[in-house]
Each structure stands twice: as C-alpha cells, then as structure tokens.
Amino acid sequence: MAATKPIGIFDSGYGGLTVFRSIADQLPQYDYIYLGDNGRSPYGNRSFKTIHEYTWECVQWLFKQDCPLIILACNTASAKALRTIQQQDMPGKFDDKRVLGVIRPTAEVIGNYTKTGEIGVLGTKGTVQSQSYLLEIEKFFPELSVHQQACPMWVPLIETGEYDKPGADYFVKEYLDAIQQQSANIDTLLLACTHYPLLQDKIKAYLPNNIQVVAQGDIVAASLTDYLHRHPEIEEQLTPNGIKQFYTTSDDTTDFDHHASAFFGEPVVAEYVSVK
C-alpha cells in the first residue's frame, strides 16, 4: 500500500466511530486511521492525570502513523487531556501537526438550537466534572443557562451491547428525569459523549416532544470541513485515497469488530496494537 498521511480519529473505545461516520460521509476523499483504546476503557471515571497519560500515548502512536491531524473524538479526552497536549506536550516537538477536540466545535453552535435559552448537557462523570462545556459555551453564548447531568451507566451499557435491551431503560429514564428536574425550561439536550447516539431512540422515547436531542457527529464533521478550508497548510498534507483503517488496544479484535460495526454503520475489521 502506498504511503498515506491520514486523519487520525481517536476515542477511548467505540464512541468516536459515530463521529468518524459523519466525518467520512462529509469528507470521503481523505485517508483515515481510527484508534480505539478499548483495552483501557472506559475513561469517564478516571483521573485527569491518567486520561492525559493514556490519550497522549495514543496521540503519539497516531503521529507515528504519519497523521498530520488528529481528532480526539472523545469528550472525556477532549475535556481532560486536549489542552495539556496542545499547550505542553506538542510545542517544539510536533509543531507541524494538529490535535483537535469535539467540545469547542459543539460549543460554537449549540446555542443556535435552543429557543428557551436553556440547554442540558449529558456526559460522563469526567466530562461533567471538568466543567469544560460550561466554560466553552460561556465564551460563545454567555446568555445561555446550561445544566449538566453525569450519566455514568450509559457507556458501560453501550460498550457491553446492552443499550437496546429493556434493562437499559431504567438508567436512561433515571438520568433524563434528573436533568429535567434541574429546569422545566430545557428545550435542547446535548449528547456530550460520542457513545450516546446509540441510545438516542430510547432517550427520545422518554422525553416530551418539546425537547430536542443533539448529537455531535455532524457538528464535528462540519467544523472539520471548515477547519481544512481555513488551514490549507494542513489540508495539503492529507492523502486522498479514501482508505479507512481501524485499530484497537483490545486483544479481542473479533469482539471489537462486532461492536464497532454497530457504531460505524458498516463492517469494521480492526487490528490489535500496543500504544506503549
């Protein structure tokens, strides 16, 4: 295979595949490498230090695969590791490369969805505790009221393939009730975890019709399209063969392929890698 310079897509597990799907649909011409750190997932309840360590190891592995641009398609990694990677790890060593997250692109547009001026953010414990969405949304929509709710059981349900089973309903309803109890004026719920779109049908079933649910995939893909238009020095490095490669840090690639295919919407065949 000819040498490629792909866009790297990173997630702690499967969730980033929902973002990858949207990116590949909007920008099918580029080469891509997806890396899921399933061997160490989930990230949501881990410390800032551990998440930074794991994320940086995966970013460096993607750099070694000749990725000029990497998308952290993981809200927890974007919240707890991106800033340190951009400001401390990369300068002077990887000045010709870029690492972007999913929080800022979402924060830039989320205020356009609400009519009441009140939104809810559903995320992992790590994302919620980081306050990253509150801080970023405040920059672009200071008038918005933002309510947050951690949903710690959702990622395990999704990663184990239980998301479409009746047993998931209890936990879906529990967290949705909790966020709605914070304010009766919330009309927009942001799924601030890339796993959560797989629960979207169940989520909508437990919400009144006046509350809309916003996933991140198309938002991030549109933002990336705009970014490449504004940064030709990055875009011109990318190779346009339409090649997609998948890697996981889990040694059970058969299990990864099974679950990943549900997230990505088409068959996935991955290889095992060690990022250390």
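Without hydrogens or angle criteria, Gln182 side chain to Gln148 main chain gives a donor-acceptor distance under 3.5 Å. Checking side-chain atoms of Thr50 against main-chain N and O of Ser47 turns up no donor-acceptor pair under 3.5 Å. Under a 3.5 Å cut-off, the side chain of Thr194 and the backbone N or O of Ala73 do form a donor-acceptor pair. Counting only distance, with no hydrogens or angles, the side chain of Asn38 and the backbone of Ser250 share no donor-acceptor pair below 3.5 Å. Judged purely by atom type and a 3.5 angstrom limit, Gln237 uses its side chain to pair as donor or acceptor with the backbone of Glu233. In this structure, the side chain of Thr249 engages the main chain of Gly39 through a donor-acceptor pair within 3.5 Å. Side chain of Gln212 to main chain of Leu189: no donor-acceptor pair is present (N/O by atom type, distance under 3.5 Å, no hydrogens or angles). Looking at Arg21, its side chain never comes within 3.5 Å of a backbone N or O of Gly16 through a donor-acceptor pair. Here the side chain of Asp31 pairs a donor or acceptor atom with the backbone of Asn241 at under 3.5 angstrom. The main-chain N or O of Ala77 is never found under 3.5 Å from a side-chain atom of Thr55 such that the two would form a donor-acceptor pair.
By the 4.5 Å heavy-atom criterion applied to side chains, Ile9 and Ile7 are counted as neighbours. Looking at Glu57 and Arg40, their side chains come closer than 4.5 Å, going by heavy atoms from C-beta outward. For the pair Thr188/Val213, no side-chain contact is recorded, criterion being any heavy-atom separation below 4.5 Å from C-beta on.
If you check the side chains of Asp187 and Asn210, you find no donor sitting under 3.5 Å from an acceptor. Judged by distance alone, the side chains of Gln216 and Asn75 do bring a donor and an acceptor atom under 3.5 Å apart. In the model, Asp252 has no side-chain atom that pairs as donor or acceptor with a side-chain atom of Tyr272 under 3.5 Å. Thr4 and Thr239 share no side-chain donor-acceptor pair at under 3.5 Å.
No continuous path of ILVMFWY side-chain contacts below 4.5 Å connects Phe140 to Leu135, so the two sit in separate hydrophobic clusters.
In this structure, Phe256 has its ring center under 6.0 Å from that of Tyr14. Ring centers of Phe264 and Phe246: under 6.0 Å apart, within the cut-off. When ring centroids are compared, Tyr163 and His195 stay outside the 6.0 Å threshold.
The minimum heavy-atom distance linking Glu162 with Ala168 is given by the pair O-CB, 3.6 Å. In this structure, Gly15 and Thr18 approach most closely via the heavy-atom pair O-OG1, 2.8 Å. Residues Ala270 and Asp257 approach most closely at N-OD1, 2.9 Å, considering heavy atoms. Considering every non-hydrogen atom in both Pro208 and Gln180, the closest pair reads CD-OE1, 3.5 Å.
Tested against Val214, the residues Val109, Thr106, Ile219 include a single side chain to side chain contact (heavy atoms under 4.5 Å, CB included) partner, Ile219.
Ring geometry, Tyr196 versus Trp154: the interplanar angle exceeds 60°, so the pair is classed perpendicular (tilted spans 30 to 60°). Tyr175 and Phe171 have tilted rings, their planes meeting at an angle from 30° to 60° on a 0 to 90° scale.
Residue Ile70 belongs to a hydrophobic cluster whose other members are Phe10, Ile33, Leu35, Tyr43, Ile51, Tyr54, Trp56, Val59, Trp61, Leu62, Phe63, Leu72, Leu82, Ile85, Met90, Phe94, Val99, Tyr247, Val273, Val275, with links defined by side-chain heavy atoms closer than 4.5 Å.
Under a 4.0 Å N-O distance rule, the pair Glu108/Lys139 does not qualify as a salt bridge.
Because its NZ or CZ atom is both nearer than 6.0 Å to the ring centre of Phe48 and within 45° of the ring axis, Lys80 counts as a cation-pi partner of that residue.
One finds the CD1 atom of Ile211 at 8.5 Å from the CG atom of Leu176 (value rounded to the nearest 0.5 Å). Put simply, NE2 on His147 and CG on Leu190 are 13.5 Å apart, with the number rounded to the nearest 0.5 Å. How far CZ of Arg46 is from CD of Glu53: 10.0 Å, rounded to the nearest 0.5 Å.
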Exercise. Start with the C-alpha distance between Asp177 and Tyr206, add both sets of side-chain angles, then the distance that settles side chain to side chain donor-acceptor pair (under 3.5 Å), and finish with yes or no.
Key: CA-CA 9 Å; Asp177 287 348; Tyr206 283 104; over 6 Å; no

